[in-house]
Each structure stands twice: as C-alpha cells, then as structure tokens.
Amino acid sequence: MKIISLVIIGIFISCGTLFSQNSKELHILIIGAHPDDAEQSCGTAALYIAAGHKVKLVSVTNGDAGHQVMGGGELMRRRSEEARKSGAILGAEYLLLDNHDGELLPSLENRRKIIRLIRDFRSDIVITHRSNDYHPDHRATSQLVLDAAYMVTVPNICPESPILKKNPVFLFDTDNFLKPTPFEPDVVVGIDETIEKKIDMYDCHVSQFYEWLPWNDGIIDQVPKGKADRREWMAKGRRAAAEEIANKYRGKLISLYGTEKGSKIKYAEAFEDSKYGTRLNKENIRVFFPFIPK
Ligand SMILES: [Zn+2]
C-alpha cells in the first residue's frame, strides 16, 4: 500500500514538474512610442494569446500631435479609443502613458514609469523599438526600455514595486535602418494564421492609417471611401511587409521550423535580442516562443 502511494505521489510530482515546465504562463509586454506601434508585433502577440499567455500593449506617448487638423486632448481621446478597440481585438489591455506625442524624453521620471510597468506586469518578454530609428519618440522609448532593463532587478530602485527575480528577455522589433548597424533577427515567427487579426487591429487606428499617415505621405487622395475598401488598401502594404520579412529571413525560418514548414510560411515577424536582459539562446528559445515546433 505504501509502495503504491509512493508510486502515485511520484507520478504526481513528475507530472507537476512537467506541467510547470511546459505550461508556464508567459507575460509579454510590448512597448511602442505611439498608439499603433505595438501592433507591429501583434501577429506574434496573437499566437501567445491563442496559447493562453498574457500580452499587454503600451504606448509611451498619448498620440496627441500626429494629425493634420486635430490635436491636443481631442486627438488624445480619439487615439486612446482607437487603441482600446485594437487591444480588444487582440484580447489585451492597451495602455497609453500621458506623455506628449513628439516630445518624449528619456527622463528619470519616465524611466521609473517603465521600470514599474515591466515589474508590475511580471514581464517575461519585453518588445520595443531599436534605438537607431527615424523618430525621436521611438529612440527615446528604446532608451527608456533599455535603461530599465537591468534596473528591474535592483530592489532599491522604485522600492514600492517588487523586483523581478529573473530579468526578462528584451527584444527589438523589425526595422530597415542600416546605421550604425542593421537589424539582425534572433527569432523569426510565422504569422500566417494571425496576420488578418493584426490588420484588423491596424484598421482600428482610423486617425493614423486613413488620415494622418497618408496626408503626411502626400497620398491622402488615394484613401478609398468605404470601410472595407480602405482596409484592403491598407492591408496590401501590411501583408507585403510581413511577406518581405518571411522571404528576407527564410533561412532563419527553416532553421527554426524545419525545411517543410519553414519554406511554406508566407508572413512573418522578426525580433532581435537586445542582449540587455536574459539572453535568448538555443536552449530557451522554445520556452519563450512555445508555438515554434520542436
Ligand atoms: Zn511610432
């Protein structure tokens, strides 16, 4: 009887160990400068959510400047509502910090806010911009996140917020800037099954994708009038960008997914390890990206 009990206890213990190793709930914090920046990683974010993990989206500015006819509080409220809708499609909270758009500084006050955010969400992975980027708010956001990367483990910094015992993995999302160094992905994720959800999220940002950005690019007259037509017009560029990433980093996709699956992936997102937190490596990559097959 005792032996049977011990065997049963042993089975429970080993199942418990196996369960906790394979099913740890990951917390992914995506920190962009503007409402609509975090979406760039949301094909991957949707895969995390589908697998039962938690995602939170953050815009470090409130988006109150980027528009040709609106501004201030009115625009901030509109951007906030667009972000809320976008987050709801994903199934995640979308938080806007109250910093003016276009004027973000990597101040100590903002660094403290980012440290608390990363800690309070118990983040395992933090995704942000690289620091060589055309937009000053993107550069400041990147610096704020990287400046927080070690401090999240230091108890006497923001002592009211409990530290993270394990430093998160800090990743950069994709860009095409070449100086001083080009983007070099450490992980490429196939997003064929989630790209339309990602496009639905972008579609929530009406003030950006159908007003401000086309006006700023001098193509406002090209935006279709109907909702379905304008979504498709915007979606073409988004699908092309994700297809370009899959093709550009095809070798990486094949090394992660195997030849058969890696060759067939049409749309992808890519991430580079900043090397400022827990390092991504061959041993842990499938722990942090559990939807990549073994
Ligand atoms: Zn931006």
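Numbering starts at 1 and runs along the sequence shown. When a ligand or atom number is given, it counts from 1 through the structure's own listing order.
- A salt bridge is defined here as a Lys NZ or Arg NE, NH1 or NH2 lying under 4.0 Å from an Asp or Glu carboxylate O, and Arg78 with Glu82 meets this definition.
- With a cut-off of 2.8 Å, the protein N/O/S atoms near the Zn ion (ligand 1) add up to 4.
- Remark: Gln143 engages Pro106, Asp147 in a side chain to side chain contact (heavy atoms under 4.5 Å, CB included) (not counting sequence neighbours).
- Between His34 and His138, the ring planes are tilted. Angles from 30° to 60° get that label.
- Sorted by first and then second residue, the ring-ring contact (aromatic ring centres under 6.0 Å, His included) pairs with a member in residues 230-268 form an empty list; sequence neighbours excluded.
- Hydrophobic cluster membership of Ile115, counting Ile, Leu, Val, Met, Phe, Trp and Tyr whose side-chain heavy atoms lie under 4.5 Å apart directly or via other members: Leu29, Ile31, Val58, Val60, Leu95, Leu97, Leu104, Ile114, Leu117, Ile118, Phe121, Val126, Leu144, Val145, Tyr150, Met151, Val152, Val154, Ile157, Leu164, Phe170.
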Given Asn132 and Lys179, is the side-chain contact (heavy atoms from CB on, under 4.5 Å) satisfied, shown in steps?
-> CA-CA 7 Å; Asn132 46 318; Lys179 290 184 177 180; 5.8 Å; no
